[in-house]
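These figures come from a predicted structure and were not determined experimentally. Letters A, B, ... are given to chains in the order of the sequence lines, protein chains preceding strands, and every chain is numbered from 1.
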There are 2 protein chains.
Amino acid sequence: MDINIKIGDRIRELRKRKEISQEALANLAEVDRTYMTKVETGKRNVTVKILEKIIIALDTDFGTFFNNNEFKK
Amino acid sequence: MDINIKIGDRIRELRKRKEISQEALANLAEVDRTYMTKVETGKRNVTVKILEKIIIALDTDFGTFFNNNEFKK
DNA sequence: GATGAAAAGTGACTCTTATGCCGTTGCACA
DNA sequence: TGTGCAACGGCATAAGAGTCACTTTTCATC
């Protein structure tokens with residue numbers, strides 16, 4: 001599966017777990033609300049810096065974010 | 001520490017473990033040799049797709065790549 | 001120590017794409 | 001029928017991807 005879709009799915013999963021909206025997460029990560037939609041739906045190929053902002057906004061870290069079966073070969 | 005430097009360091013670590021040159025890794029990942037240098041030294045803010053190519057070239061996966069103390073908060 | 005080759009790093013450049021920001025739409029539900 | 005949330009398309013601009021000529025470092029061998 002496409003890596004951007006996997007990442008979008010993972011962001012959505014962690015966001016729902018926190019019970020916040022895309023807009024709230026976007027504000028925490030300091031990115032645009034409509035951009036966050038595109039990231040979650042796998043339509044954007046994000047850079048590491050942006051992904052870091054989102055991961056921090058989700059109150060987690062890269063190790064935890066990628067510690068998921070979808071990211072194991 | 002800057003996330004791009006952390007990632008560059010991690011790539012270097014795994015590359016050395018495989019005992020191959022930047023050029024060899026660059027060829028495997030299908031990126032330019034000088035581009036690989038810049039990634040390893042943290043001078044590029046790579047996109048997820050490029051990082052994926054490098055991770056695959058290193059014969060690993062995202063889960064393993066980020067399963068490292070540098071990526072835990 | 002000198003020397004040469006392989007490996008790694010740098011600066012500058014073009015081309016491509018990520019990012020930020022619009023307006024608008026669809027949906028659920030009070 | 002209005003409000004919150006999510007998704008879409010398009011555009012401008014900033015920044016990433018890709019490449020080249022050149023320099024510096026590394027290191028084995030003399």
Tabulate protein N/O versus nucleotide N/O from nucleotides 11-13 of chain C, keeping only pairs under 3.5 Å, one per line.
residue : atom : partner  : partner atom : Å
dG11(C) : O6   : Lys38(B) : NZ           : 2.6
dA12(C) : N6   : Lys38(B) : NZ           : 3.0

Residues at least two apart in sequence or cross-chain that pass salt bridge (charged side-chain N to carboxylate O under 4.0 Å, His left out) with Arg15(B), listed by chain then number, are Glu40(B)

Partners meeting side-chain hydrogen bond (donor to acceptor under 3.5 Å, both in side chains) with Thr34(B) (sequence neighbours left out): Asp32(B)

From CG of Asp32(A) over to P of dA12(D), roughly how many Å is that when rounded to an integer? 17 Å

Kindly list each side-chain donor-acceptor pair under 3.5 angstrom involving residues 54-66 of chain A, sequence neighbours excluded, with atom names and distances?
residue  : atom : partner  : partner atom : Å
Asp61(A) : OD1  : Gly63(A) : N            : 3.0
Asp61(A) : OD1  : Thr64(A) : N            : 2.7
Asp61(A) : OD1  : Thr64(A) : OG1          : 3.0
Asp61(A) : OD2  : Thr64(A) : OG1          : 3.3
Asp61(A) : OD2  : Lys73(B) : N            : 3.3

Donor/acceptor link under 3.5 angstrom from Arg33(B) side chain onto base of dG9(C): yes

Between Tyr35(B) and dA17(D), is there a contact of a side-chain N or O with OP1 or OP2 at under 4.0 Å? yes

Please identify each residue that fulfils side-chain hydrogen bond (donor to acceptor under 3.5 Å, both in side chains) with Arg33(B), with sequence neighbours left out. none

So if I take residues 45-61 of chain B and measure heavy-atom distances to DNA chain D, which residues fall below 4.0 Å? Asn45(B), Val46(B), Thr47(B), Ile50(B)

Output every pair passing ring pair (Phe, Tyr, Trp, His ring centres under 6.0 Å) with a member in residues 5-38 of chain B, not counting sequence neighbours, ordered by first then second residue. none

Side-chain heavy atoms under 4.5 Å apart, restricted to Ile/Leu/Val/Met/Phe/Trp/Tyr: what other residues fall into the cluster of Met1(B), or is it alone? Ile5(B)

Residues at least two apart in sequence or cross-chain that pass salt bridge (charged side-chain N to carboxylate O under 4.0 Å, His left out) with Glu13(A), listed by chain then number, are Arg10(A), Arg17(A)

Return the set of residues passing side-chain hydrogen bond (donor to acceptor under 3.5 Å, both in side chains) with Asn4(A) (not counting sequence neighbours), or none when no residue passes. none

Residue pairs, two or more places apart or on separate chains, that pass salt bridge (charged side-chain N to carboxylate O under 4.0 Å, His left out) and touch residues 48-57 of chain A: Lys49(A)-Asp2(B)

Strictly below 4.0 Å, heavy-atom distances to any atom of DNA chain D: list the hits from residues 8-29 of chain B, or just say none. none

